[in-house]
Amino acid sequence: MPDPLLSRRRLLAGASTLAGAGLLGGCEAPVLGRLTSPYDLSNGLTFAVQRWLLRGQPLVREFGPEAISRVFPTINTTDPDNSDYRRSKAQAFADWRLPVGGLVERPGAFSLAELKAMPARTQITLHACEQGWSAIAGWTGVQLPHLLAHVGLKAEARFIVMRSVDGWWDSYDLFDALHPQTILAYGMNGADLPVAHGAPVRLRVERQLGYKSLKYLSQIEAVDRVDGLDQGRGSMVAELGFPWYAGI
Ligand SMILES: Nc1nc2c(c(=O)[nH]1)N[C@H]1C(S)=C(S)[C@@H](COP(=O)(O)O)O[C@H]1N2
Ligand SMILES: [Mo]
């Protein structure tokens with residue numbers, strides 16, 4: 001039986017190697033594997049420079065409760081049109097499970113109650129949407145690095161792929177996946193996460209634009225590469241023309 005603490009240490013050692021790689025870490029961006037335009041090159045450079053500047057994994061700014069926006073817009077999917085989702089929603093997500101698998105030692109499928117029983121982090125942060133609006137809210141959830149340590153990330157894992165019930169999918173390198181403010185949020189502003197904002201659980205990945213913070217999570221998978229998924233650009237929005245890496 002692998003020691004969870006040992007695998008956590010290995011996981012964190014992996015993160016600091018990535019951080020130490022700095023500029024060279026740029027090769028983790030899927031776009032760099034398939035440079036097809038100057039746009040890809042500039043995305044890749046942005047990614048590499050940000051990785052260098054953020055190599056110490058600094059936290060994004062957190063606000064006090066007084067800064068919470070009175071209105072937090074909702075956008076795109078606000079109530080997934082999916083029969084499994086509707087059934088789960090009708091029973092307050094009691095039957096909902098989040099499968100976590102791929103390159104992990106101990107794959108599992110976690111209920112909302114199991115996620116809530118894990119150590120929680122609350123953070124009041126600014127959400128910035130690519131469409132030009134931003135808003136501040138408080139988010140409560142389990143840190144993704146905690147969950148990944150719990151399932152035991154294998155050494156070959158390089159990216160975390162996430163999927164949503166509405167068909168959105170995205171991927172994150174370990175640098176962002178292991179950041180202390182990357183959480184799977186089930187709470188917003190002290191209450192359960194509302195359906196319009198991604199219930200029962202959404203991702204908060206605070207150093208990237210809002211579209212990377214997937215709502216309605218349905219699956220998490222650790223992989224060694226993402227260029228074999230769909231068209232090979234690493235996310236649904238990247239295939240629509242937005243940057244895979246949306247650092248802010
Ligand atoms: N599954 C899923 N995740 C999603 C979206 C979506 O439509 N579906 N929209 C994205 C965009 S563009 C933004 S800005 C935020 C919006 O979150 P909100 O609706 O809670 O404001 O969620 C992101 N995550
Ligand atoms: Mo957005």
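In listed order, ligands and their atoms are each counted from 1.
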query = Which ligand 1 atoms, with their elements, are less than 4.0 angstrom from a heavy-atom of His197?
reply = 18 (P), 20 (O), 21 (O)

task = With His197 as reference, evaluate Tyr216, Tyr186, Phe72 under the ring pair (Phe, Tyr, Trp, His ring centres under 6.0 Å) test and give the passing residue.
result = Phe72

query = Does the side chain of Ile68 reach to within under 4.5 Å of the side chain of Phe63, using non-hydrogen atoms?
reply = no

request  = Between Trp169 and ligand 1, find which residue part has any heavy-atom pair under 4.0 Å and reply side chain, backbone, both or neither.
outcome  = neither

query = Could a heavy atom of Lys212 be found less than 4.0 Å from some atom of ligand 1?
reply = no

inquiry  = Ring-plane angle category for Phe47 and Trp244, please: parallel below 30°, perpendicular beyond 60°, tilted otherwise.
reply    = tilted

message = Would you say that Arg202 contacts Leu214 through its side chain, given a criterion of any heavy-atom pair below 4.5 Å between the two side chains?
response = no

key: Protein heavy-atom partner closest to atom 24 (N) of ligand 1 - residue, atom, separation in Å   = Ser213 O, 3.0 Å

ask   = Are the side chains of Ile136 and His127 in touch, meaning some heavy atoms are under 4.5 Å apart?
value = no

Name each donor-acceptor pair under 3.5 Å that joins a side chain in residues 89-96 to protein atoms two or more places apart or in another chain, with its distance.
unit_1, atom_1, unit_2, atom_2, d
Lys89, NZ, Asp79, OD1, 2.9
Lys89, NZ, Asp79, OD2, 3.2
Asp95, OD1, Ser88, OG, 2.6
Asp95, OD2, Arg87, NE, 3.2
Asp95, OD2, Arg87, NH2, 3.3

task = Check the hydrophobic clustering (I, L, V, M, F, W, Y; side-chain heavy atoms under 4.5 Å; chains of links allowed) and say if Trp169 and Tyr172 are grouped together.
result = yes

request  = For Pro73, counting its heavy atoms only, list the atoms of ligand 1 lying under 4.0 Å from any of them.
outcome  = 18 (P), 21 (O)

key: Side-chain donor or acceptor of Gln208 paired with backbone N/O of Ala246 under 3.5 Å   = yes

request  = Using side chain to side chain contact (heavy atoms under 4.5 Å, CB included) as the criterion, point out the one residue from Met162, His179, Arg204 that pairs with Leu144.
outcome  = Met162

ask   = For ligand 1, which atoms sit closer than 4.0 Å to a heavy atom of Ser164?
value = 1 (N)

key: Atoms in ligand 1 with a heavy atom of Thr74 nearer than 4.0 Å   = 19 (O), 21 (O)

inquiry  = Just to confirm my output: which protein heavy-atom neighbour is closest to atom 16 (C) of ligand 1, and how far is it?
reply    = Ile75 CG2, 3.2 Å

ask   = Would Gln131 count as a contact of ligand 1 if the rule is a heavy atom under 4.0 Å away?
value = no

ask   = Would one find an N or O of Lys215, backbone or side chain, under 3.5 Å from an N or O of ligand 1?
value = yes

request  = Mark the output for Ala196 as yes if a heavy-atom distance to ligand 1 is under 4.0 Å, and as no if none is.
outcome  = yes

ask   = In the protein, which heavy atom is nearest to atom 22 (O) of ligand 1, and how far is it?
value = Arg202 NH2, 3.3 Å

ask   = Looking only at heavy atoms, is any part of Asp166 under 4.0 Å from ligand 1, and if so is it the side chain, the backbone, or both, or is it neither?
value = side chain

